[in-house]
There are 2 protein chains.
Amino acid sequence: MNVTTFSALAEPNRLDIIQLLCDGPMPVGEIADRLELNQPQTSKHLRVLSDAGLVEVQPVANKRIYKLRPQPFQEMDSWLDSYRRMWEERFDNLDAYLRKLQQQQNQDR
Amino acid sequence: MNVTTFSALAEPNRLDIIQLLCDGPMPVGEIADRLELNQPQTSKHLRVLSDAGLVEVQPVANKRIYKLRPQPFQEMDSWLDSYRRMWEERFDNLDAYLRKLQQQQNQDR
DNA sequence: GCTAATTATTCCTTGACAGACATATTCCAT
DNA sequence: ATGGAATATGTCTGTCAAGGAATAATTAGC
């Protein structure tokens, strides 16, 4: 799992942009209007999101339409696989760790 | 979906800590050793992760054992639901947007 | 109670990033 | 080609967070 994905989402306005694009592709101006951001900020945030691979752009007329890219979300999904058993299985491994600790202490004598 | 979760994971060492704790609970010293971090940094990162609700601590003897908390991961999982159809369905809604744009231009005349 | 081990906190410095504003760039329409 | 709309980039400033080192706090064992 790549840190840049989380880093890109770790900003309120950028997370809002992602949520907004979840409904479908949208040009810069409309994103700025809906989120009440000024245009340069919006472009800069989109730049970060684009560099992180979360969105891609497609020019149409004199507009640039941004849309989500599935890949990072898929990666996040498979990354979560490692953690699913944490809540599917009921127990945590705390007692297992305590036993391991106990063994180490016994070895020290 | 909360930004603080992403913010906490948007740092390489913290992400490493999370991955490490995926194998089971662990005290501060062991985390620091395995990741080759010094102890204060480790404690500080754990503090951030704890404030974000990603980990919780449980004192055992003179050690403090940290372990993952399922909730934020579950939230992330359900948050991803909104994006699953993006890659399960094949098409993006770009053409839909273009039709909408076309309509608006027609209205302007 | 005292010492050592374990962990948390504080202070300081430095680097990165967001916001505001101005400006540049690109592209369509006429 | 020219004006205008849409978008991108540059610059500056303030803020916040990470790293390093020193120190404080907690706890176990004697």
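Residue numbering restarts at 1 for every chain, and letters A, B, ... go by the order of the sequence lines.
- For B:V28, counting side-chain heavy atoms from C-beta on, the closest listed nucleotide (C:dT6, D:dT7, C:dA8) is C:dA8.
- The shortest distance between side-chain heavy atoms of A:K63 and A:E30 does not fall below 4.5 Å.
- With rounding to whole Å, B:L49 atom CG is found 14 Å from D:dA17 atom P.
- If you check the side chains of B:Q74 and B:S78, you find no donor sitting under 3.5 Å from an acceptor.
- B:V3 and B:F73 fall within the same hydrophobic cluster, where Ile, Leu, Val, Met, Phe, Trp and Tyr residues are linked whenever their side-chain heavy atoms come under 4.5 Å apart, directly or through other members.
- Look at CD on B:Q58: it is 14 Å from P on C:dT7, rounded to the nearest Å.
- Both A:W87 and B:L68 are part of a single hydrophobic cluster, where members link through side-chain heavy atoms under 4.5 Å apart.
- For B:R64, a side-chain nitrogen or oxygen approaches OP1 or OP2 of C:dA8 to under 4.0 Å.
- Counting to the nearest Å, the C1' atom of C:dT6 and the CD1 atom of B:I31 are 13 Å from each other.
- Atom CZ of A:R69 is separated from atom OG of A:S50 by 8.5 Å, given to the nearest 0.5 angstrom.
- The distance between atom CG of B:D51 and atom P of D:dA17, rounded to the nearest whole Å, is 11 Å.
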Open item on the list: Return a single string for nucleotides 17-30 of chain C, one symbol per nucleotide in 5' to 3' order, where B is base contact, S is sugar-phosphate-only contact and - is none, cutoff 4.0 angstrom on heavy atoms.
Closed with: -SBBBB----SS--
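- Dashed line: the shortest gap from a side-chain N or O of B:R47 to OP1 or OP2 of C:dT9 is under 4.0 Å.
- A salt bridge links B:R84 to A:D77: at least one charged side-chain nitrogen sits closer than 4.0 Å to a carboxylate oxygen.
- Straight-line distance from the CG atom of B:D33 to the C1' atom of C:dT6: 12 Å, rounded to whole Å.
- Rounded to an integer number of Å, the gap from OH of B:Y66 to P of C:dT6 is 15 Å.
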